[in-house]
Amino acid sequence: MERIEAAMAKLAARLAQSGQTVAAAESCTGGLVAAALTELPGSSAWFHQGWVTYSNEAKQQQLGVRAETLAAFGAVSCETVAEMALGARRIAGADWALAVSGIAGPGGGSAEKPVGTVCFALAGASGVQTRQCRFSGGRSAVRGQAAAFVLDWLSAVLDGQAVAGGGGSAYNTACS
């Protein structure tokens, strides 16, 4: 939780300074990102809304994820989180939207997508960017690391230290 708090303090300052807003679409983090985004006083200035879309049906109904995407790539995929983020940004009318979907464990993993695999998307005015990471530890550890990672990523983008938008994806075997 300390890492999430540190990430959020930095991100809140960046969002307040820039006057930009964010929305969150979550699956495996179950609302941790939205909770972090609303932890600090004044968060209504930068946080629009969030969704916890744990089922495939919720992803489709609430965020507009296509059934074809889920069938072809699965819920834990860069393709799915990209559609989640784009849908969240469009619906919320926010400057940015974050999306997270993964396998927190202890079950549910496979050889292709082991426990700890988490996919992220960040949608902004110039498009959507995705990342796939593999985190270690138990369920709580994976969820916490995932929430901190996506908050850090948006903060880095707002600082000009990372690229956002323009499509594409990056696979990182481990993300810190």
Side-chain angles (χ1 to χ4, degrees), residues 4 7-8 10-38 43-102 117-133 135 143 145-172 175:
I4 293 173
M8 193 53 234
K10 183 177 177 184
L11 178 56
R14 300 303 178 277
L15 288 167
Q17 182 181 37
S18 68
Q20 295 186 48
T21 58
V22 65
E26 303 178 67
S27 187
C28 70
T29 48
L32 284 176
V33 175
L37 286 164
T38 58
S43 59
S44 61
W46 63 80
F47 183 66
H48 271 221
Q49 68 192 85
W51 294 262
V52 176
T53 55
Y54 216 71
S55 71
N56 287 348
E57 293 79 13
K59 289 173 180 64
Q60 292 172 70
Q61 293 169 0
Q62 299 295 311
L63 300 170
V65 174
R66 296 176 304 137
E68 298 81 13
T69 301
L70 290 162
F73 303 103
V76 181
S77 66
C78 288
E79 293 81 3
T80 294
V81 291
E83 290 185 20
M84 289 170 65
L86 290 168
R89 183 173 183 270
R90 178 181 48 78
I91 294 164
D95 297 300
W96 300 98
L98 309 168
V100 184
S101 186
T117 301
V118 183
C119 297
F120 303 91
L122 175 57
S126 62
V128 63
Q129 185 80 17
T130 61
R131 298 280 186 272
Q132 180 175 319
C133 302
F135 299 109
R143 294 174 70 223
Q145 290 171 84
F149 176 83
V150 76
L151 295 169
D152 281 338
W153 184 19
L154 178 55
S155 186
V157 167
L158 292 174
D159 281 347
Q161 298 172 354
V163 177
S169 64
Y171 178 77
N172 302 314
C175 299

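- A12 is linked by a side-chain contact (heavy atoms from CB on, under 4.5 Å) to M8, L40, W46, counting only residues two or more places apart in sequence or in another chain.
- For residues 68-81, no residue pair satisfies the salt bridge (Lys or Arg N to Asp or Glu O under 4.0 Å) rule, not counting sequence neighbours.
- Partners of Q20 under the side chain to side chain donor-acceptor pair (under 3.5 Å) rule, at least two apart in sequence or in another chain, are W96.
- Relative ring orientation between F135 and F120 is described as perpendicular, the plane-to-plane angle rising above 60° on a 0-90° scale split at 30° and 60°.
- Residues satisfying the side chain to side chain donor-acceptor pair (under 3.5 Å) test with S27, not counting sequence neighbours, are K59.
- Taking Q61 as the reference, E57 meet the side-chain contact (heavy atoms from CB on, under 4.5 Å) condition, with sequence neighbours excluded.
- Considering every non-hydrogen atom in both I4 and A36, the closest pair reads CG2-CB, 3.6 Å.
- Counting heavy atoms from C-beta outward, Q145 and V118 have side chains that stay 4.5 Å or more apart.
- The shortest heavy-atom contact between W51 and A23 is CZ3-CB, 4.2 Å.
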May I have the list of side-chain donor-acceptor pairs in residues 80-87 shorter than 3.5 Å, sequence neighbours left out?
| from | atom 1 | to | atom 2 | distance (Å) |
| --- | --- | --- | --- | --- |
| T80 | OG1 | G74 | O | 2.7 |
| T80 | OG1 | S77 | OG | 3.0 |
| E83 | OE1 | R66 | N | 2.8 |
| E83 | OE1 | T69 | OG1 | 3.3 |
| E83 | OE2 | R66 | NE | 3.1 |
| E83 | OE2 | R66 | NH2 | 3.0 |
| E83 | OE2 | T69 | OG1 | 2.5 |

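- A distance-only check finds a donor-acceptor pair linking the side chain of R143 to the backbone of C28 [under 3.5 Å].
- Interatomic distance, L11 CG to L151 CG, rounded to the nearest 0.5 Å: 6.0 Å.
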Show your reasoning for whether side chain to side chain contact (heavy atoms under 4.5 Å, CB included) applies to K10 and D159. CA-CA 10 Å; K10 183 177 177 184; D159 281 347; 3.3 Å; yes
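- Here the straight-line distance linking atom CD of Q17 with atom CG of L158 works out to 9.5 Å at 0.5 Å rounding.
- T29 pairs by the side chain to side chain donor-acceptor pair (under 3.5 Å) definition with E26, not counting sequence neighbours.
- Atom CG in L154 sits 10.5 Å away from atom CZ in R14 (nearest 0.5 Å).
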Check step by step if side chain to side chain contact (heavy atoms under 4.5 Å, CB included) holds for S43 and L37. CA-CA 7 Å; S43 59; L37 286 164; over 6 Å; no
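- Partners of V52 by side-chain contact (heavy atoms from CB on, under 4.5 Å), not counting sequence neighbours: none found.
- With sequence neighbours left out, A67 forms a side-chain contact (heavy atoms from CB on, under 4.5 Å) with Q60.
- In terms of the side chain to side chain donor-acceptor pair (under 3.5 Å) criterion, residue partners of D95 (sequence neighbours excluded) are, by chain and number, T21.
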